[in-house]
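Sequence lines set the chain letters: A, B, ... in the order given, protein chains first and strands last, and positions in each chain run from 1.
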2 protein chains.
Amino acid sequence: MVVDNVPNEDEHVNRLFHALSDATRRDILHRSAEGGLSVSRLAEDYPMSFAAVQKHVAVLERAGLVSKERRGREQLVRTEPDAVRRARAALDRIEDLWRGRVDRMSLILDEELGA
Amino acid sequence: MVVDNVPNEDEHVNRLFHALSDATRRDILHRSAEGGLSVSRLAEDYPMSFAAVQKHVAVLERAGLVSKERRGREQLVRTEPDAVRRARAALDRIEDLWRGRVDRMSLILDEELGA
DNA sequence: GTAACCTACAACCAAATGGTTGTAGATAAC
DNA sequence: GTTATCTACAACCATTTGGTTGTAGGTTAC
């Protein structure tokens with residue numbers, strides 16, 4: 001049995017892009033990049049229930065794109081720039097392949113295969 | 001009423017990231033970046049039916065990430081670099097926002113420490 | 001203390017997703 | 001011409017997703 005509470009890299013990238021595939025979640029990312037917004041504050045601006053926004057934040061959190069910090073009774077959401085950069089790196093790998101940068105590619109492959 | 005058979009930008013980005021949120025599809029992208037592979041050729045290497053791979057290619061195609069070119073009885077798949085770049089641009093917007101915040105912060109820090 | 005607010009989480013539901021098998025149409029090979 | 005190959009697409013199924021409402025616990029305000 002594979003230990004899958006320690007997700008592998010593929011699963012992590014899956015979650016990253018899945019989290020980014022929803023306009024509400026991308027908007028939450030944008031707004032939370034500015035500073036710490038509470039979940040209910042975020043929820044005010046979307047045409048859906050508080051619980052729905054809470055779920056969107058949870059998806060972003062599982063993807064590592066945001067983290068939450070408790071302050072009093074509210075939970076402040078802030079985006080994690082490292083995760084955004086990881087997503088970009090995944091796209092870079094695809095783009096590099098297209099450009100035929102085989103040299104950089106083999107380096108990256110080594111990385112990915114853990115060799 | 002919004003004309004929505006002409007998908008707006010959000011919908012397009014949704015499809016882009018959704019297409020990227022699956023490891024099989026990312027692998028197809030990687031392999032199709034090298035050159036034109038037929039769908040059945042692609043399908044050989046995945047532990048699923050031909051129809052399943054066909055669906056994955058369709059998802060990539062709807063996202064604009066690949067295009068198909070008929071050659072004889074086979075359909076050659078090749079990745080569209082422009083779409084990959086569009087996805088990166090969406091991430092760049094998020095990252096820019098964050099970087100903007102950091103720049104402002106370092107500015108403030110500079111002021112405080114330097115003045 | 002009580003009321004109001006913020007969050008967590010469960011239960012439920014419709015729709016989308018990711019897979020399957022099966023059928024059918026074109027093209028290539030023999 | 002027949003057969004094999006490649007693709008398209010429909011129908012079906014289990015699971016996930018994205019939304020809802022409802023309940024409960026913690027924190028702040030009065």
Check the distance between [N]'s [atom2] and [X]'s [atom1] and give it to me in whole angstrom.
X        : N       : atom1 : atom2 : value
Met48(B) : dG18(C) : CE    : P     : 10 Å
Leu60(A) : dT17(D) : CG    : C1'   : 14 Å
Gln54(B) : dT5(D)  : CD    : P     : 17 Å
Leu37(B) : dT7(D)  : CG    : P     : 11 Å
Glu74(A) : dC5(C)  : CD    : C1'   : 10 Å
Arg71(A) : dC5(C)  : CZ    : P     : 18 Å
Glu69(B) : dC6(D)  : CD    : P     : 18 Å
Tyr46(B) : dG18(C) : OH    : P     : 15 Å

How far does CD of Glu80(A) sit from OG of Ser32(A), to the nearest 0.5 angstrom?
-> 11.0 Å
Between CG on residue Leu65(A) and CG on residue Asp82(A), distance to nearest 0.5 Å =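 Separation between the atoms: 11.0 Å.
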If each of Lys55(A) and Leu76(A) is mapped to the nucleotide of DNA chain C with the nearest heavy atom, which maps nearer the 5' terminus, i.e. the 5' end?
->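 On the 5' side of the pair lies Leu76(A).
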So if I take every side-chain heavy atom of [X] and compare against [options], which nucleotide ends up nearest?
X        : options                   : result
Arg73(B) : dT27(C), dT20(C), dT20(D) : dT27(C)
Val39(A) : dT7(C), dA4(C), dT20(C)   : dT7(C)
His56(A) : dG19(D), dG19(C), dT7(C)  : dG19(D)

Note, Arg41(B) side chain near Val77(B) side chain (heavy atom, < 4.5 Å) |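 They are not in contact (no side-chain heavy atoms under 4.5 Å apart), so the answer is no.
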DNA chain D nearest-nucleotide lookup for Arg62(A) and Phe50(A): closer to the 5′ end is Arg62(A)
Pick the nucleotide of DNA chain D nearest each of His18(A) and Ala51(A); which residue has the one closer to the 5' end?
-> His18(A)
Scan Ser49(A) against the nucleic acid and name what it touches under 4.0 Å (heavy atoms): base, sugar-phosphate only, or nothing.
-> base
Is the backbone N or O of Leu91(B) less than 3.5 Å from a side-chain atom of Arg88(A), with the two atoms forming a donor-acceptor pair by type?
->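 Checked: no pair found.
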Would you tell me if any nitrogen or oxygen in the side chain of [X] comes within less than 4.0 Å of OP1 or OP2 on [N]?
X        : N       : result
Lys68(B) : dA8(D)  : yes
Arg25(B) : dG18(C) : yes
Ser40(A) : dC5(C)  : no

Got more than 12 heavy atoms from elsewhere within 6.0 Å of CZ, Arg70(B)?
->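 Yes.
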